[in-house]
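Basis for what follows: all heavy atoms, side chains included, without hydrogens, waters or symmetry-related copies. Computed from a predicted structure; not experimentally measured. Whatever order the structure lists them in is the order used to number ligands and atoms, beginning at 1.
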Amino acid sequence: MASFTDLQLEQLEPGIWCCTIDRPKALNALNGTVLSSLLEAFAWLQQQDDVRAVLLTGAGEKAFVAGADIAAMQTMTPLQAREFSQLGMQVMATIEQFPVPVIALVNGYCLGGGCELALSCDFILASDTASFGQPEVALGIPPGFGGTQRLARIVGKNHALSMILTGERINAAEALRIQLCNQVTEPSQLLELGLSYGRKIAANSPTAVALAKELIHKGQNLDLQYGCQMETELFALSFSGADQTEGMTAFLKRRSATFSLS
Ligand code: CO8
């Protein structure tokens, strides 16, 4: 267990950690303090030697994250808004580039900066009470933590335009239909669903998982030819580590592979 301001980190099982944004009175809205805590928490996790999967969620039953903190933003100058956007972007990039899968457990409102935070995770699991939206335009601003870019890449331009320009919220079933989230379950089952994904990931080679995550994320911004070249290079690199030997030897000897973090 490690505590940061308005954020908790807890090891739930060997290799599986849960990061909880803990500002339930403000529906876990992201202010500068929470964003800095997220950066500190992921830097701290990177120093630990047993991290195979991270679940990211919000405290309380009502919200994952209801957006960037509107009270904190109301009087910002353009320069301050730029710095705030850059801080948010840094958090999203840190999660996207984290060498371990990060799974968003969306347990309620997932709006604005909260939706952008979920989009930076590797996949999204949602309770059937969750709702997603990018309501920024109703506040006189466009999204500022990467929503116009990541949402369009994940659900396609048409759904992204519809969500961002209307500002309307969509429920979990619709989020699943447009592939904004990967799976929906009852609220009481959400953590167990996250753990079941975490356990499957934790049983695999951490090196191979990290390389595959990197390839998929980087490949989104490359053309097919360069993406495939990069895959060849990282595929070859995986043969220099112990996990490839262990994984293939275990298969051929008909036993389970045991991977340790190098
Ligand atoms: N910021 C600050 N406080 C919030 C936020 C928020 N985003 N959302 C909720 N809260 C607070 C409320 O002010 C309220 O506080 P208090 O009890 O002190 O009055 C408390 O949380 C509970 O909220 P409500 O009473 O409003 O609860 P309801 O159940 O009535 O409504 C909603 C829940 C529908 C989620 C409603 O709170 C809401 O609409 N929230 C705002 C949603 C929103 O617009 N989010 C987008 C914000 S903008 C953004 O995220 C931009 C990201 C990029 C920024 C880049 C900057 C440069």
Considering the heavy atoms of [X], write down every atom of ligand 1 situated less than 4.0 Å from one of them.
{"X": "Ala81", "result": "57 (C)"}
{"X": "Leu111", "result": "35 (C), 42 (C)"}
{"X": "Met73", "result": "48 (S), 54 (C), 56 (C)"}
{"X": "Pro135", "result": "43 (C), 44 (O), 45 (N), 46 (C)"}
{"X": "Arg169", "result": "34 (C)"}
{"X": "Leu139", "result": "44 (O), 47 (C), 48 (S)"}
{"X": "Lys62", "result": "27 (O), 28 (P), 29 (O)"}
{"X": "Gly113", "result": "49 (C), 50 (O), 52 (C)"}

Judged by atom type as modelled, is there a donor-acceptor pair below 3.5 Å linking the side chain of Ser37 to the main-chain atoms of Phe4?
->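 Here the side-chain-to-backbone pair does not exist.
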Asp22 side-chain N/O to Ala59 backbone N/O, donor-acceptor pair under 3.5 Å |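 No.
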Would you verify that at least one protein heavy atom lies under 4.0 Å from [atom], or report that none does?
{"atom": "atom 50 (O) of ligand 1", "result": "yes"}
{"atom": "atom 4 (C) of ligand 1", "result": "yes"}
{"atom": "atom 36 (C) of ligand 1", "result": "no"}
{"atom": "atom 25 (O) of ligand 1", "result": "no"}
{"atom": "atom 12 (C) of ligand 1", "result": "no"}
{"atom": "atom 39 (O) of ligand 1", "result": "no"}
{"atom": "atom 1 (N) of ligand 1", "result": "yes"}

Backbone, side chain, both or neither: what part of Ala29 comes under 4.0 angstrom of ligand 1, heavy atoms only?
->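 Answer for Ala29: side chain.
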Give the residue and atom name of whichever protein heavy atom lies nearest to [atom], and the separation in Å to one decimal.
{"atom": "atom 31 (O) of ligand 1", "value": "Tyr109 OH, 4.5 Å"}
{"atom": "atom 23 (O) of ligand 1", "value": "Leu27 CD1, 3.7 Å"}
{"atom": "atom 56 (C) of ligand 1", "value": "Phe84 CD2, 3.5 Å"}
{"atom": "atom 53 (C) of ligand 1", "value": "Gly144 N, 3.4 Å"}
{"atom": "atom 45 (N) of ligand 1", "value": "Ala66 O, 2.9 Å"}
{"atom": "atom 20 (C) of ligand 1", "value": "Lys25 O, 3.2 Å"}
{"atom": "atom 7 (N) of ligand 1", "value": "Ala68 O, 3.0 Å"}

Ion pair check, Arg199 and Glu192, cut-off under 4.0 Å |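 Looking at Arg199 and Glu192, the cut-off is met.
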Answer yes when Glu174 and Arg169 have at least one side-chain N-carboxylate O distance shorter than 4.0 Å, and no when they do not.
->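 Arg169 and Glu174: not salt-bridged.
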[Y] reachable from [X] in the ILVMFWY side-chain graph, under 4.5 Å edges:
{"X": "Val209", "Y": "Leu45", "result": "no"}
{"X": "Tyr109", "Y": "Leu7", "result": "no"}
{"X": "Met76", "Y": "Leu87", "result": "yes"}
{"X": "Met89", "Y": "Leu117", "result": "no"}

Answer yes or no: does an N/O atom from [X] fall short of 3.5 Å to an N/O atom of ligand 1?
{"X": "Glu116", "result": "no"}
{"X": "Phe145", "result": "no"}
{"X": "Ile70", "result": "yes"}

Taking atom [atom1] of [X] as the centre, does the number of heavy atoms from other residues, nucleotides or ligands within less than 6.0 Å exceed 12?
{"X": "Phe123", "atom1": "CZ", "value": "yes"}
{"X": "Glu83", "atom1": "CD", "value": "yes"}
{"X": "Gln179", "atom1": "CD", "value": "no"}

Return the minimal non-hydrogen interatomic distance between Gln134 and Glu116, and the atom names on each side.
->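 Heavy atoms only, the tightest pair is OE1-CG, 3.7 Å.
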Tell me, with the steps shown, if Leu56 and Ile95 meet side chain to side chain contact (heavy atoms under 4.5 Å, CB included).
-> CA-CA 10 Å; Leu56 176 63; Ile95 292 173; 4.1 Å; yes
Check: Pro143 and Gln149 side chains under 4.5 Å, non-hydrogen atoms |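 No; the side chains remain at least 4.5 Å from each other.
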Would you call His217 and Lys213 a side-chain contact if the rule is heavy atoms closer than 4.5 Å?
->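 Contact flag for His217/Lys213 side chains = yes.
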For the atom pair CG (Asp128) and CG (Leu176), what is the distance rounded to the nearest 0.5 Å?
->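 Result: 11.5 Å between the selected atoms.
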Contact check, Ala26 vs ligand 1, heavy-atom distance below 4.0 Å |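 True for this residue.
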